[in-house]
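Notes to accompany the following structure.
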Amino acid sequence: MSDPTRPRASLRTAVVWEVLKDALDRRVKASGTDTLDVLDTGGGTGNFAVPVARLGHRVTVVDPSPNALFALERRAAEAGVADRVRGVQGDIHGLFDVVERGGYDAVLCHGVLEYVDDPAEGVRNAVDALRPSGALSLLAAGLGGAVLARALAGHFNEARHALTDPAGRWGEGDPVPRRFTAEQLTELVAAAGVEVGAVHGVRVFTDLVPGVLVDTEPGAVDALLELEAAAAELPAFHSVATQLHVLGEKQG
C-alpha cells in the first residue's frame, strides 16, 4: 500500500484517509492545539503515519517488524517529517512496554485485530492509550467481502465455509487469520469504552473491478473513488466490504 494521498493508491485508502483527516481536524479544534500526539499501532512502513505527520502532528509507530520500521524511517526522511515520526518495536499486546498509557489524542489500529490472539485485549489497549475524548480509528478485514470474493472467483465451497467459520476463514490456505462483521467490531469498541461515531465499508467495489478497466478507462479512478465514498456509510454495503472502518471517541 502506498501513501493514501496518491490518486491510484487512494482507491484502497481514500475512505479511511478522509474520515481520519476529518477526525484529526476535529480533535485539533477541540483541544486548542495545532499539533496532536498520534499513535499508529501496527503502522508498519508509515502508510498513514507519514501523511498524518505531514499535517503537522507527532506520530509514534509501534510495529513488531524491524524491517518495516527501517522503511518507515527512510520514508519519513524522504517526506521531510523525520522529526515528527518515531518508530518503536513492539505490538498491541505489549503496547505499554513501549509507549505511554493515556498519552495520545488519536490511536490508529489498522490491520491489527486480524492477527492478534485476543482482539478484545487489543482494542482495550488501543483505547487505554488514548487521552479522554481521544479518537480511535479501527480498520479490520470484513467477513462479507471475503465471502463475495470467493464466490465470484467460483470457489463456492470456500465461500460457504467462510460464512460458517468462527474466524471467518475460507480454508487452510487463507492468509487472513480472522475476519469481522460490523456488529462484532462495534461491540468490541463499545465494550472498551468508546462511543462509536461512524462505521464505513472500505473497498466495497475496488477489489471486484478488473484493474485493466480502472487503469485504461478515462475518468474511471475518480468515478470509482466517488462511488466508494457514496457507499461507504450505507449499512447495506458494510456486509460486502473487504474492510470495515470504525471511528469512535473515548468516553470520559
Side-chain angles (χ1 to χ4, degrees), residues 1-6 9-10 12-13 16-116 119 121-140 192 194 245-250:
M1 188 191 301
S2 301
D3 183 333
T5 60
R6 293 175 56 193
S10 65
R12 290 177 173 267
T13 59
V16 178
W17 173 248
E18 290 304 320
V19 172
L20 176 61
K21 185 176 180 298
D22 288 346
L24 294 175
D25 289 344
R26 289 195 298 272
R27 288 304 307 145
V28 164
K29 293 176 182 177
S31 63
T33 178
D34 291 334
T35 303
L36 302 177
D37 293 305
V38 179
L39 175 65
D40 189 355
T41 64
T45 60
N47 299 324
F48 281 91
V50 169
V52 168
R54 284 202 196 109
L55 298 177
H57 305 306
R58 293 181 293 265
V59 187
T60 299
V61 175
V62 176
D63 196 276
S65 168
N67 290 336
L69 293 174
F70 178 77
L72 166 71
E73 183 179 354
R74 184 173 64 246
R75 177 184 281 189
E78 291 172 352
V81 294
D83 60 327
R84 294 197 293 273
V85 176
R86 179 174 72 103
V88 293
Q89 190 172 358
D91 59 37
I92 192 74
H93 286 313
L95 189 60
F96 301 114
D97 295 334
V98 294
V99 302
E100 177 186 358
R101 189 183 297 268
Y104 296 91
D105 301 292
V107 171
L108 282 58
C109 186
H110 295 174
V112 173
L113 296 189
E114 300 93 324
Y115 300 96
V116 299
E121 181 190 1
V123 174
R124 286 195 301 270
N125 284 352
V127 174
D128 285 348
L130 284 168
R131 292 168 178 153
S133 300
L136 174 68
S137 176
L138 180 67
L139 181 68
V194 167
H245 182 246
V246 178
L247 181 72
E249 181 177 302
K250 183 177 182 178

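- Applying the salt bridge (Lys or Arg N to Asp or Glu O under 4.0 Å) test to D22 and every residue at least two apart in sequence or in another chain returns nothing.
- Annotation: the span from N47 atom CG to T13 atom OG1 amounts to 8.5 Å, rounded to 0.5 Å.
- Using modelled atom types, no side-chain atom of K250 and backbone atom of P132 make a donor-acceptor pair closer than 3.5 Å.
- Side-chain contact check for V38 versus D105: every heavy-atom pair is 4.5 Å or farther apart.
- For V28, the side-chain contact (heavy atoms from CB on, under 4.5 Å) partners are D34, L36, H57, not counting sequence neighbours.
- In this structure, the side chains of L39 and L108 stay at 4.5 Å or more apart for every pair of heavy atoms.
- Looking only at side-chain heavy atoms (C-beta outward), L55 and L24 come within less than 4.5 Å of each other.
- You'll find the side chain of V99 reaches within 4.5 Å of the side chain of V62, heavy atoms only.
- Counting only heavy atoms from C-beta outward, the side chains of L20 and V52 approach each other to under 4.5 Å.
- The two residues A77 and A82 have their closest heavy-atom pair at CA-CB, 4.0 Å.
- When the side-chain contact (heavy atoms from CB on, under 4.5 Å) test is applied to A71, the partners found at least two apart in sequence or on another chain are T45, R74.
- Scored by the side-chain contact (heavy atoms from CB on, under 4.5 Å) test, A53 finds V59, V81, R84, V85 as partners (sequence neighbours excluded).
- In plain terms, the two heavy atoms of G46 and P51 that are nearest each other are O-CD, 3.6 Å.
- Checked against salt bridge (Lys or Arg N to Asp or Glu O under 4.0 Å), D63 has no partners two or more places apart in sequence or in another chain.
- Judged by distance alone, with hydrogens and angles left aside, the side-chain atoms of R124 form no donor-acceptor pair with the main-chain N or O of A192 at under 3.5 Å.
- Taking every heavy atom of both residues into account, A129 and L95 meet most closely at CB-CD2, 4.2 Å.
- What you find for V50 and A79 is that their closest heavy atoms are CG1-CB, 3.6 Å.
- Counting only N and O atoms by type, the side chains of N125 and R101 include no donor and acceptor under 3.5 Å apart.
- The aromatic rings of H110 and H245 sit perpendicular to each other, their planes meeting at more than 60°, with 30° as the lower class boundary.
- With sequence neighbours excluded, the residues forming a side chain to side chain donor-acceptor pair (under 3.5 Å) with R58 are D37, listed by chain and number.
- The salt bridge (Lys or Arg N to Asp or Glu O under 4.0 Å) analysis of residues 23-33, with sequence neighbours excluded, yields the pairs K21-D25.
- For the side-chain contact (heavy atoms from CB on, under 4.5 Å) test, residues two or more places apart in sequence or in another chain that qualify with A126 are I92, V107, L136.
- Of the inter-residue distances, the one linking L72 atom CG with N67 atom CG reads 12.5 Å to the nearest 0.5 angstrom.
- Shown here is F96, whose CZ atom has more than 12 heavy atoms of other residues, nucleotides or ligands within 6.0 Å.
- Sequence neighbours left out, the pairs with a member in residues 86-100 that pass side-chain hydrogen bond (donor to acceptor under 3.5 Å, both in side chains) are H93-E121.
- Nearest heavy atoms, V61 versus A49: CG2-CB, 3.4 Å.
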